[in-house]
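Take a look at the structure below.
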Amino acid sequence: MNTLISHLSEAPAFHLRGVRYAYHHQQAVLDGIDLDINRGEQVALLGANGSGKSTLLKLLNGIYAPTEGAMQVMGRDIKSVAAGKDAFTFHQEVGLVFQDPDIQLFSATVFDDVAFGPLQLGLSVSEVQERCEEALTQMEIMHLARRAPFELSGGEKKRAAIASVLSLRPDVILLDEPTAALDPRTKWVLINLIRKLGEAGKTIITSTHELEIVPTIAKRVIVLGEERRVLADDTPERILRDRNLLVNANLIHPQLHQLGMDWSLQREVTPTNSHS
Ligand SMILES: Nc1ncnc2c1ncn2[C@@H]1O[C@H](COP(=O)(O)OP(=O)(O)OP(=O)(O)O)[C@@H](O)[C@H]1O
Ligand SMILES: [Mg+2]
């Protein structure tokens, strides 16, 4: 038993070898994925629409089991987690914020949604209350606690969905495009929170299309190519300076971004007359 516990606590956060995933026997969405992510790493996951970011995050969260290949998350075989074994303990450790907040919000009020996970853990009422207040404060949505999720704006729903995962205080947090549709101030609140959680030792994987936030939220970048594989795995500095890579991975478009500009995208966009 002690050997099992030390294996679980020392294992890397994610270990994937030859992972392939295909929906409903269709063509593979991900193929030949080899990846090791250590505990305490902050990773940004980049890739064009349909490159498999959300699918990979769902695999990492044990929602799907790989069609082929080996995969351990926090020392557990993901196939048994996906089949329901130790799923309760696993989901305390690894939390996923879905790209679509409507999937995550199903209770009568925002507070109930944020309290749902801690209540499932069987925590005392005061502990549940404390965790909810912390998560709602972190996302600056305390004032929305008594509102019904369907009464919220898109950005407010996103913040509520994130709070519903934060209240579980997972060691590993998977965020699927968390800043999409957020206004600049709210985006900053979230970016800052991701940075602080990273400094506190959490393992965080964030998928995003927003290149300018990458250096703040990650120390490592994984790029999924349009051919369903990992196209690059490097530091934010090196990835964001590699213009050919960014164009090939469809992360920037030559006619949307000025030739020779640096990754920070802070220079003005060159107007173009081309329609292509
Ligand atoms: N439930 C599903 N059934 C069948 N195919 C699916 C399903 N979900 C996603 N796909 C397909 O899998 C591929 C990868 O989708 P995925 O959502 O992982 O991409 P993504 O990188 O997250 O894209 P985006 O940037 O648009 O969010 C796409 O071709 C998509 O159409
Ligand atoms: Mg997606």
Side-chain angles (χ1 to χ4, degrees), residues 14 16 18-35 37 42-69 71 73 78-79 81-83 94-106 154-155 157-162 164-165 172-182 187 190-191 194 203-214 217-218 220-234 236 239-240 242 245-253 256-257 263 265:
F14 299 99
L16 286 73
V19 166
R20 176 176 188 274
Y21 186 77
Y23 285 99
H24 321 298
H25 309 290
Q26 294 168 3
Q27 197 193 353
V29 168
L30 296 167
D31 206 355
I33 306 286
D34 295 331
L35 216 49
I37 297 176
Q42 289 85 52
V43 177
L45 184 59
L46 306 182
N49 291 141
S51 60
K53 300 179 299 298
S54 298
T55 306
L56 180 59
L57 292 175
K58 287 174 188 167
L59 281 164
L60 298 181
N61 193 231
I63 293 173
Y64 304 144
T67 311
E68 275 174 33
M71 181 167 165
V73 180
I78 207 70
K79 284 188 183 161
V81 173
V94 184
L96 167 64
V97 177
F98 286 80
Q99 185 166 358
D100 176 2
D102 284 327
I103 296 175
Q104 214 128 20
L105 305 171
F106 46 79
K157 277 188 194 173
K158 199 100 193 175
R159 288 149 79 182
I162 296 167
S164 76
V165 169
V172 180
I173 306 173
L174 309 171
L175 297 153
D176 199 352
E177 299 200 28
T179 55
L182 295 186
K187 200 175 281 188
L190 183 58
I191 291 168
I194 294 173
T203 311
I204 307 175
I205 305 181
T206 312
S207 90
T208 184
H209 287 280
E210 299 181 72
L211 301 187
E212 69 274 25
I213 71 167
V214 168
I217 59 161
R220 174 178 172 191
V221 180
I222 293 169
V223 181
L224 290 181
E226 292 187 290
E227 44 305 289
R228 320 299 194 209
R229 285 172 184 270
V230 174
L231 189 63
D233 182 348
D234 212 329
I239 296 280
L240 295 171
D242 191 341
L245 169 74
L246 298 180
V247 171
N248 287 339
N250 191 10
L251 298 174
I252 61 170
H253 191 283
L256 287 175
H257 300 121
W263 55 265
L265 310 180

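Residues take their numbers from the sequence shown, with the count starting at 1. Start at 1 and go down the list; that is how both ligands and their atoms are numbered.
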Heteroatom test (N, O or S) for Ser207 near the Mg ion (ligand 2), limit 2.8 Å: no
Gly47 to ligand 1, any heavy atom closer than 4.0 Å: no
Ser207 touching ligand 1 at heavy-atom level, < 4.0 angstrom: no
Any donor-acceptor N or O pair under 3.5 Å, side chains Glu177, Ser207: no
Under-4.0 Å protein heavy-atom contact, atom 4 (C) of ligand 1: yes
Polar atom proximity, Val29 to ligand 1 (N or O, under 3.5 Å): no
Ligand-residue contact atoms, ligand 1 with His24, heavy atoms, under 4.0 Å: 3 (N)
4.0 Å heavy-atom contact, Lys58 with ligand 1: no
Ion pair check, Asp176 and Lys53, cut-off under 4.0 Å: no
Contacting atoms of ligand 1, where contact means under 4.0 angstrom from a heavy atom of Gln99: 27 (O)
Nearest-contact summary for atom 10 (N) of ligand 1 - protein heavy atom, Å: Tyr23 CE1, 3.4 Å
Glu227 atom CD: more than 12 heavy-atom contacts under 6.0 Å: yes
Shortest protein contact, atom 26 (O) of ligand 1 (heavy atom only): Asn49 ND2, 3.1 Å
For Thr55, atoms of ligand 1 separated by under 4.0 Å from a heavy atom: 14 (C), 15 (O), 16 (P), 18 (O)
Candidate pair Arg220 and Asp234, rule salt bridge (Lys or Arg N to Asp or Glu O under 4.0 Å), full reasoning: CA-CA 6 Å; Arg220 174 178 172 191; Asp234 212 329; over 6 Å; no
Thr179 side chain vs Lys187 backbone, donor-acceptor pair below 3.5 Å: no
Residue Asn49, metal the Mg ion (ligand 2), N/O/S under 2.8 Å: no
Nearest heavy-atom neighbours spanning Val19 and Pro66: CG1-CB, 3.9 Å
Check: Asn250 side chain, Ala48 main-chain N or O, donor-acceptor pair, under 3.5 Å: no
Working for side-chain contact (heavy atoms from CB on, under 4.5 Å), residues Leu190 and Ile162: CA-CA 9 Å; Leu190 183 58; Ile162 296 167; 3.7 Å; yes
Tyr64 N/O to ligand 1 N/O under 3.5 Å: no
Close-contact set for ligand 1 against Ala48 heavy atoms, below 4.0 Å: 21 (O)
Parallel, tilted or perpendicular: rings of Tyr21 and Tyr64 (30°, 60°): parallel
Verify atom 17 (O) of ligand 1: protein non-hydrogen atom under 4.0 angstrom away: yes
Nearest non-hydrogen protein atom, atom 23 (O) of ligand 1: Gly50 N, 2.8 Å
Geometric N/O contact Ser54 with ligand 1, under 3.5 angstrom: yes
From the candidates Glu226, Lys53, Arg228, the one that places a heavy atom nearest atom 25 (O) of ligand 1: Lys53
Closest non-hydrogen atom pair, Ala249 against Val223: CB-CG1, 3.7 Å
Polar contact flag, side-chain donor to acceptor under 3.5 angstrom, Ser51-Glu226: no
